[in-house]
Amino acid sequence: MLSVRTREAFLPYCLPMIGEEEIAEVVDSLRSGWVTTGPKTKRFEEEFAQYVGSEHAIAVNSCTAGLHVSLAALGIGPGDEVIVPTMTFCATANVVVHLGAKPVIVDVEGPSLEISTEAIRRAITPRTKAIMPVHYAGQAADLDEILAIGAEHGIPVIEDGAHAAGTIYKGRKIGTHGKAVSFSFYATKNLTTGEGGMITTNDAEYAARMRLLSLHGMSKDAWKRYTQAGSWYYEVVAPGYKVNMTDIAAALGLHQLRRLDSFNRRRAEIGAMFDAVLGPLGVFTLPVRLPDRNHVLHLYPVQIRPGTLRIGRDEFIEELKQANIGASVHFIPLHRHPFYRDQFGYRPGQFPAAERCYEGLLSLPLYPKMTGDDADDVMAAVTEIVDKHRL
Ligand SMILES: *Cc1c(COP(=O)(O)O)cnc(C)c1O
């Protein structure tokens with residue numbers, strides 16, 4: 001039996017897991033004088049590339065920047081279209097807008113909340129210049145099918161891998177399936193550097209272009225400028241961006257990467273407990289497990305089934321808060337946001353699969369820093385709220 005107790009302290013929706021090694025490494029960077037891009041960033045890139053099995057990795061200051069640079073390096077601009085799923089964070093589409101191109105929003109498959117490959121097919125036009133799947137919640141989208149569509153039309157697949165550090169699809173880690181993948185190391189992600197991101201690719205020329213664009217468009221290995229090996233001379237060959245990673249962030253990343261698999265194992269353990277206790281309540285659609293891939297449970301999103309409770313999602317989250325438990329929603333579908341509605345004419349109801357799921361969608365706290373008691377408290381509170389409001 002789960003003991004029902006009212007938590008004394010609020011359980012935040014998410015907390016990072018920062019260890020003494022990370023702290024010592026950051027202090028080492030501060031004492032060394034290398035606070036911006038330097039040797040630790042380079043080492044983090046090498047180790048991350050090795051982890052995902054990619055030939056190249058470019059460290060940047062966010063996943064958003066990674067996506068921006070990957071699209072810019074393809075030359076995407078006004079008149080072009082990029083296909084994105086509606087069930088994602090706004091960054092996926094915002095970067096398309098930043099380049100003057102049009103984000104073509106499509107629906108998701110259904111309860112897995114992965115991008116619909118049928119919808120991708122229907123959305124392709126002669127102007128489509130990239131397809132951007134999101135590996136929702138830490139499980140891979142249907143990459144074989146998406147890559148086949150891309151290959152058929154000569155359109156590159158640029159993956160939003162913000163949730164997918166450690167995600168495996170058909171025996172291979174996310175990082176090399178599409179033309180490029182961007183990972184996020186934001187505070188809430190499975191691996192965090194506070195703020196940060198990484199682009200991986202197997203294409204040397206494309207990698208060089210992205211690296212150039214990530215640091216002002218400077219043609220030299222610019223970070224070496226201040227070492228004895230470096231030179232003062234550089235040339236600007238493109239109006240690049242300023243999105244390089246700092247060594248302070250990389251210091252965190254080096255140790256987070258070493259612990260990533262154990263973090264993800266702990267996520268799986270908590271996820272299995274949640275599945276076992278919340279499934280039998282008969283109220284929720286739990287995170288769907290698709291074949292041939294793992295799930296690193298960046299999120300644990302559940303969907304309240306219609307007609308099971310007297311309350312809706314918003315009240316459910318409110319009651320969790322009363323029980324001192326934080327929850328969130330991933331995501332408000334892109335097409336419902338005023339900017340995307342007004343600028344591109346999207347409207348509520350346009351993507352029925354996403355809307356149906358969104359209606360009852362909420363993410364429960366699940367992260368390696370949670371204790372067993374914390375996880376018990378989440379399950380107890382959810383069970384109690386369900387029992388109270390069951391139809
Ligand atoms: C977090 C997130 C991003 C943005 O990551 P940043 O590192 O904060 O820029 C992009 N896409 C998705 C799906 C995300 O969840």
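Heavy atoms only: backbone and side chains are in, while hydrogens, waters and symmetry mates are out. Predicted, not measured: the structure shown is a model, and the values here were computed from it. Counting convention: from 1, in listed order, for ligands and their atoms alike.
Formation of a donor-acceptor pair under 3.5 Å by the S328 side chain with backbone atoms of S363 is not found in this model.
For K189, every heavy-atom contact with ligand 1 shorter than 4.0 Å involves the side chain, none the backbone. With a 4.0 Å heavy-atom cut-off, ligand 1 is reached by the backbone of T64 and by its side chain too. Proximity of S62 to ligand 1, defined as any heavy-atom pair under 4.0 Å, is shared by backbone and side chain alike.
Nearest non-hydrogen protein atom to atom 14 (C) of ligand 1 is A162 CB, 3.4 Å. Ranking the protein heavy atoms by distance from atom 7 (O) of ligand 1 puts S184 OG, 2.7 Å first. Nearest non-hydrogen protein atom to atom 8 (O) of ligand 1 is Y186 CB, 3.7 Å. The protein non-hydrogen atom at the shortest distance from atom 11 (N) of ligand 1 is D160 OD2, 2.7 Å. Distance from atom 15 (O) of ligand 1 to its nearest protein heavy atom, with residue and atom name: H163 NE2, 2.6 Å.
For R336 and F351, the positive end is not near the middle of the six-membered ring at less than 6.0 Å and at most 45° from its axis. Judged by a 6.0 Å distance limit and a 45° cone about the ring axis, K189 is not positioned over the six-membered ring of F183.
Residue E195 has no nitrogen or oxygen atom sitting less than 3.5 Å from a nitrogen or oxygen atom of ligand 1, judged on distance alone. Checked against a 3.5 angstrom limit, the closest N/O atoms of L67 and ligand 1 fall outside it.
With a 6.0 Å radius and a threshold of 12 heavy atoms from other residues, nucleotides or ligands, I23 has its CD1 atom above the threshold.
With ring centers used as reference points, F89 lies 6.0 Å or more from Y186.
Ligand 1 is approached by G196 to a heavy-atom distance shorter than 4.0 Å. Not a single heavy atom of Y136 lies less than 4.0 angstrom from ligand 1.
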Using the ring pair (Phe, Tyr, Trp, His ring centres under 6.0 Å) rule, take H98 and Y241 through it: C-alpha gap first, then chi angles, then the decisive distance, then the call. CA-CA 12 Å; H98 292 162; Y241 305 97; 9.3 Å; no
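A salt bridge does not link R310 with E315: none of the charged nitrogens is closer than 4.0 Å to a carboxylate oxygen. A salt bridge is absent between R293 and E114; no separation between the charged side-chain nitrogens and carboxylate oxygens falls under 4.0 Å.
In this pair, F316 and F284 present their aromatic rings perpendicular. The plane angle is above 60°, beyond the 30 to 60° band.
Within the listing of ligand 1, atoms 15 (O) sit less than 4.0 angstrom from a heavy atom of F331. For ligand 1, the atoms closer than 4.0 angstrom to any heavy atom of T88 are 13 (C).
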